[in-house]
*Asks:* 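One structure is given below, represented as structure tokens, and several questions about it will come after.
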Amino acid sequence: MSEAKTPVVANHWRALRRFTDARIGLGRAGVSLPTPELLAFQLAHARARDAVHLPLDVAGLMANLTPAIEKHLPEPPIILESCAGDRFTYLQRPDLGRQLSDESRARLPSASLDEPVDLAIVIVDGLSSVGVQNTAPSMVGGLLNALEQDDHDWKLALLTVVEQGRVAIGDEIGERLNARMVVVLIGERPGLSSPDSLGIYLTFGPEAGLTDERRNCISNVRPGGLPVEEASRRLLYLMREARRLKLTGVGLKDRTEDTVIEGGGANKNFLTR
């Protein structure tokens, strides 16, 4: 008896899927997608929607943050909220997610008259609480360990966690804490292959009203994307350069992958020059 033929027509590009999460080489069944690929797409879409709407588990995040920060920061994190009072408002009104609520401003101590600190770290739920929940504690721990071992004595502000926030809310927080620069760790807009991605935004001289060309971004920090160790290395490089140049954004380039040829053809990483 001859073997039954499958109705699915394979795609030769499928071999490349081991290099990427992109949906390539899916094949076809007639003029449609094969059923397994269609179901996988629907599952990915559902996970992306869940990531946007799932509220941040603040208590769980704080429990995971404590071991990472207790030996580095003298005070526990402060929980803040934006002017977007609920998730529906947050998604409909991005402008409200960029501003602290009046109650949060009252809870956040103003350090404008104190000596400036080097850095304020702000964790924001953003558009993927999953990315923040899974990756922010290890990212904060890795960054604090790297700063402790750095030649510069980094002075840190207290750590803040913001619900219903956007990237720019870190500018107001950094300004109130009198920080020379602010790092915002935020859940990125989910893709169909990455519902758990964490984004990192660095701004020198934070103040309310800044726009995105004043920031540097490191994106796709997650187990299936950019590893936390590599993200910490890139962020520390950008922070050192920001301190030296007194700027971030379009004037500050990430050259951690650059190499030069000198000394008889030996490759040197840009960081060692």
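Just so it is clear, the model here is predicted, and its values are computed rather than measured. In this chain, residues are counted from 1 in sequence order.
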*Asks:* Establish, from distance only, whether the side-chain atoms of Asn178 and Arg176 form a donor-acceptor pair under 3.5 Å.
*Replies:* no

*Asks:* Does Val184 reach the side chain of Ile169, with side-chain heavy atoms less than 4.5 Å apart?
*Replies:* no

*Asks:* Any salt bridge linking Glu81 with Arg105? Criterion: basic side-chain nitrogen under 4.0 Å from a carboxylate oxygen.
*Replies:* no

*Asks:* Is it true that a side-chain atom of Thr248 and a backbone atom of Arg214 form a donor plus acceptor pair closer than 3.5 Å?
*Replies:* yes

*Asks:* Test: salt bridge (charged side-chain N to carboxylate O under 4.0 Å, His left out). Region: residues 54-67. Which pairs qualify, not counting sequence neighbours?
*Replies:* none

*Asks:* Between Asp50 and Arg47, is the salt bridge (Lys or Arg N to Asp or Glu O under 4.0 Å) condition met? List the steps.
*Replies:* CA-CA 5 Å; Asp50 286 348; Arg47 285 174 172 164; over 6 Å; no

*Asks:* When you look at CZ of Arg107, are more than 12 heavy atoms from neighbouring residues, nucleotides or ligands closer to it than 6.0 Å?
*Replies:* yes

*Asks:* Got a sec, which residues hit side-chain hydrogen bond (donor to acceptor under 3.5 Å, both in side chains) with Ser197, two or more places apart in sequence or on another chain?
*Replies:* Glu188

*Asks:* Take the angle between the ring planes of Phe41 and His45 and call it parallel below 30°, perpendicular above 60°, tilted in between.
*Replies:* parallel

*Asks:* Passes salt bridge (Lys or Arg N to Asp or Glu O under 4.0 Å), Glu241 versus Arg255? Steps please.
*Replies:* CA-CA 10 Å; Glu241 289 296 284; Arg255 303 193 183 279; over 6 Å; no

*Asks:* Measuring only between side-chain heavy atoms, which start at C-beta, is Asn145 closer than 4.5 Å to His72?
*Replies:* yes

*Asks:* Test the Arg166-Tyr90 pair against the cation-pi criterion, namely NZ or CZ under 6.0 angstrom from the six-membered ring centroid and within 45° of the ring axis.
*Replies:* yes

*Asks:* Please examine the side chains of Arg87 and Pro55, heavy atoms only from C-beta on, and report whether any two atoms are closer than 4.5 Å.
*Replies:* no

*Asks:* Determine, stepwise, if the pair Asp118 / Arg180 fulfils salt bridge (Lys or Arg N to Asp or Glu O under 4.0 Å).
*Replies:* CA-CA 5 Å; Asp118 293 307; Arg180 294 186 178 92; 3.0 Å; yes

*Asks:* For the side chain of Arg98 and the backbone of Asp171, is there at least one donor-acceptor N/O pair under 3.5 Å apart?
*Replies:* no

*Asks:* Kindly say whether Val228 contributes a backbone atom to a donor-acceptor pair with the side chain of Ser232 at under 3.5 angstrom?
*Replies:* yes

